[in-house]
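Take a look at the structure below.
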Amino acid sequence: MPEGHTLHRLARDQRKDLRGHKVSVSSPQGRFADSAALLDGHIVERVDAYGKHLFIRFDSGDILHVHLGLIGKFGRQPSPPDDPVGIVRLRIEGPNATWDLRGPTVCRIIDPLEAKRVVAALGPDPLRRGADRDRFVDKVLRSPKPIGALLLDQSVIAGIGNVFRAEVLHVLGVHPATPGDQLDRATVEAIWETLARWLRDGVRRNRIVTNTLADPLHVYHRDVCGNCGAPTVALEIGGRRIDVCPMCQPAPL
DNA sequence: CGATTATGATTAA
DNA sequence: TAATCCTAATCGC
């Protein structure tokens, strides 16, 4: 589930459910029990997403920092909640809704300074107001690394994952092995604008929306290209698998 | 019913 | 590059 849109939508939903409310915090699994006890009974002041990171700030000054990683999930149910099912690291029970967290890569309490450090390490997030597009564009245009790797690098652009990367390069006809410094400025700007639009749609729909609603994925995990019907090819770039259409995305020279 | 897989990222080698 | 962490759903036998 989790690319940037997932976390921004989560922030929005949790803000609505929890902000201004005193919450019960627990760790049914036990692994987060000591920290949960510190947050228990406090009021949620704000919920923010930056890239794939989620920050929930309490009136105690503590900030809960969550990163879902590959398999983490936040689930919602109306309060009062049912007994936890499976392995629930963290449960936040508000008056109207209860949120259960499973399988996160990061779940910890930090202070505002550390939160600032986490955000400072990230590149611009197209979903944040005032995001600096040119910072992204300039970084790509100056890098010899493949664009397929740069898009997964959260210090270059925050919130992009394996699905958006595959689809944006496909729709723009860019081969993922193309070095950033060989791309046109206009192309890199188009990558940003396309991702920004898709991420916003993703928040709105609460799922990945790319090309069209009915047929969002044209290459990602597809045997044939959704555009031209040619068989796709799986490559490994930036340490992750990426599918490419050899017709729509000719290899760089 | 074990193996594999998943929209992630860090650490070690 | 490989190993590692985290959980649940799906796949193959």
Side-chain angles (χ1 to χ4, degrees), chain A residues 1-11 27-33 35-36 49-54 64-77 82 84-91 99-108 110 114 117-123 125-127 145-146 148-171 176-177 194-211 213 215-223 226 232 234-244:
Chain A
M1 294 287 284
E3 293 197 26
H5 67 293
T6 304
L7 286 117
H8 282 263
R9 175 57 182 255
L10 223 36
S27 177
Q29 171 199 36
R31 189 166 157 177
F32 192 64
S35 298
Y50 204 122
K52 299 172 188 171
H53 297 259
L54 184 72
L64 177 66
H65 175 210
V66 172
H67 191 296
L68 295 178
L70 184 58
I71 63 174
K73 281 182 172 56
F74 249 123
R76 180 190 189 277
Q77 63 179 306
D82 294 333
V85 175
I87 302 171
V88 177
R89 178 83 59 88
L90 167 73
R91 166 168 279 190
W99 290 86
D100 282 349
L101 173 64
R102 297 180 172 80
T105 285
V106 175
C107 176
R108 60 177 185 149
I110 60 176
E114 174 62 10
R117 274 195 287 267
V118 172
V119 170
L122 298 172
D125 173 353
L127 285 174
K145 292 182 191 165
L150 291 169
L151 290 178
L152 286 186
D153 183 340
Q154 301 299 303
S155 70
V156 173
I157 181 170
I160 304 309
N162 214 16
V163 177
F164 282 129
R165 138 175 114 147
E167 294 297 330
V168 74
L169 293 176
H170 176 261
V171 76
T194 303
L195 289 170
R197 191 172 72 248
W198 286 355
L199 284 163
R200 283 195 296 270
D201 286 349
V203 173
R204 199 171 303 132
R205 300 269 178 181
N206 205 10
R207 68 180 181 87
I208 284 186
V209 177
T210 55
N211 302 280
L213 255 186
D215 186 23
L217 305 183
H218 284 184
V219 272
Y220 179 78
H221 280 208
R222 277 187 68 148
D223 296 333
T232 61
L235 305 177
E236 175 119 355
I237 293 177
R240 308 284 301 279
R241 167 185 164 151
I242 181 168
D243 299 308
V244 172

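Just so you know, these numbers come straight off a predicted model, no measurement behind them.
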Is [Y] close to [X] at the side-chain level, that is, under 4.5 Å between some pair of heavy atoms?
| X | Y | value |
| --- | --- | --- |
| V209(A) | H5(A) | no |
| R205(A) | L213(A) | yes |
| R241(A) | H221(A) | yes |
| L10(A) | V66(A) | no |

*Can you check whether H67(A) has a side-chain N or O nearer than 4.0 Å to OP1 or OP2 of dA9(B)?*
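Affirmative; the distance criterion is met.
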
*asked:* If I compare all heavy atoms of G69(A) with all of T105(A), which pair ends up nearest, and what's the gap?
replied: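 Heavy atoms of G69(A) and T105(A) come nearest at CA-OG1, 3.3 Å.
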
At 4.0 Å (heavy atoms only), tell me whether [X] reaches a base, stays on the sugar-phosphate, or touches nothing.
| X | result |
| --- | --- |
| R165(A) | nothing |
| G103(A) | base |
| G86(A) | sugar-phosphate |
| R241(A) | nothing |
| I71(A) | base |
| E167(A) | nothing |

Suppose you measure atom [atom1] in [N] against the same atom in [M]; what distance do you get, rounded to whole Å?
| N | M | atom1 | answer |
| --- | --- | --- | --- |
| dC5(C) | dA13(B) | P | 13 Å |
| dC6(C) | dC1(B) | P | 25 Å |
| dT5(B) | dC13(C) | P | 12 Å |
| dA9(B) | dA9(C) | P | 23 Å |

*N/O donor-acceptor pair under 3.5 Å between E167(A) side chain and N162(A) backbone*: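 No: the side chain of E167(A) does not pair with the backbone of N162(A).
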
*In Å and rounded to the nearest 0.5 Å, what is the CD1 to CD1 distance from I237(A) to I242(A)?*
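Rounded to the nearest 0.5 Å, the CD1-CD1 separation comes out at 6.0 Å.
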
*Roughly how far, to the nearest 0.5 Å, is the CZ atom of R102(A) from the CZ atom of R89(A)?*
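Going from CZ on R89(A) over to CZ on R102(A), the span is 12.0 Å.
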
Who passes side chain to side chain donor-acceptor pair (under 3.5 Å) against [X], sequence neighbours left out?
| X | result |
| --- | --- |
| R108(A) | H65(A), E114(A) |
| R204(A) | D201(A) |
| W198(A) | none |

Please state how far atom [atom1] in [X] lies from atom [atom2] in [N], giving the value in whole angstrom units.
| X | N | atom1 | atom2 | value |
| --- | --- | --- | --- | --- |
| I157(A) | dA9(B) | CD1 | C1' | 17 Å |
| K52(A) | dT10(B) | NZ | C1' | 13 Å |
| L152(A) | dA9(B) | CG | C1' | 10 Å |
| I242(A) | dG8(B) | CD1 | P | 12 Å |
| R102(A) | dG8(B) | CZ | P | 20 Å |

*asked:* Taking the nucleotide of DNA chain B with the nearest heavy atom to each, does H221(A) or Q154(A) sit closer to the 5' end?
replied: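 Its nucleotide being nearer the 5' end, the pick is H221(A).
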
*Contact boundaries on DNA chain C for chain A, cut-off under 4.0 Å to non-hydrogen atoms*: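 Listed 5' to 3', the contact boundaries are dC6(C) to dA8(C).
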
*Taking a pair as Watson-Crick (N1 to N3 plus N6-O4 or O6-N4) or G-U wobble (N1-O2 and O6-N3), both under 3.5 Å, which stems of 3 or more consecutive pairs involve DNA chain B?*
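Stem segments, range with range: B:1-6 with C:7-12, B:8-12 with C:1-5.
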
Below 3.5 Å between N/O atoms, which protein atoms pair up with nucleotides 11-13 of chain B? Just atom names and distances, please.
none

*asked:* Please identify which of these residues, T194(A), I160(A), T210(A), meets the side-chain contact (heavy atoms from CB on, under 4.5 Å) condition with V168(A).
replied: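 Output: one option passes, namely T194(A).
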
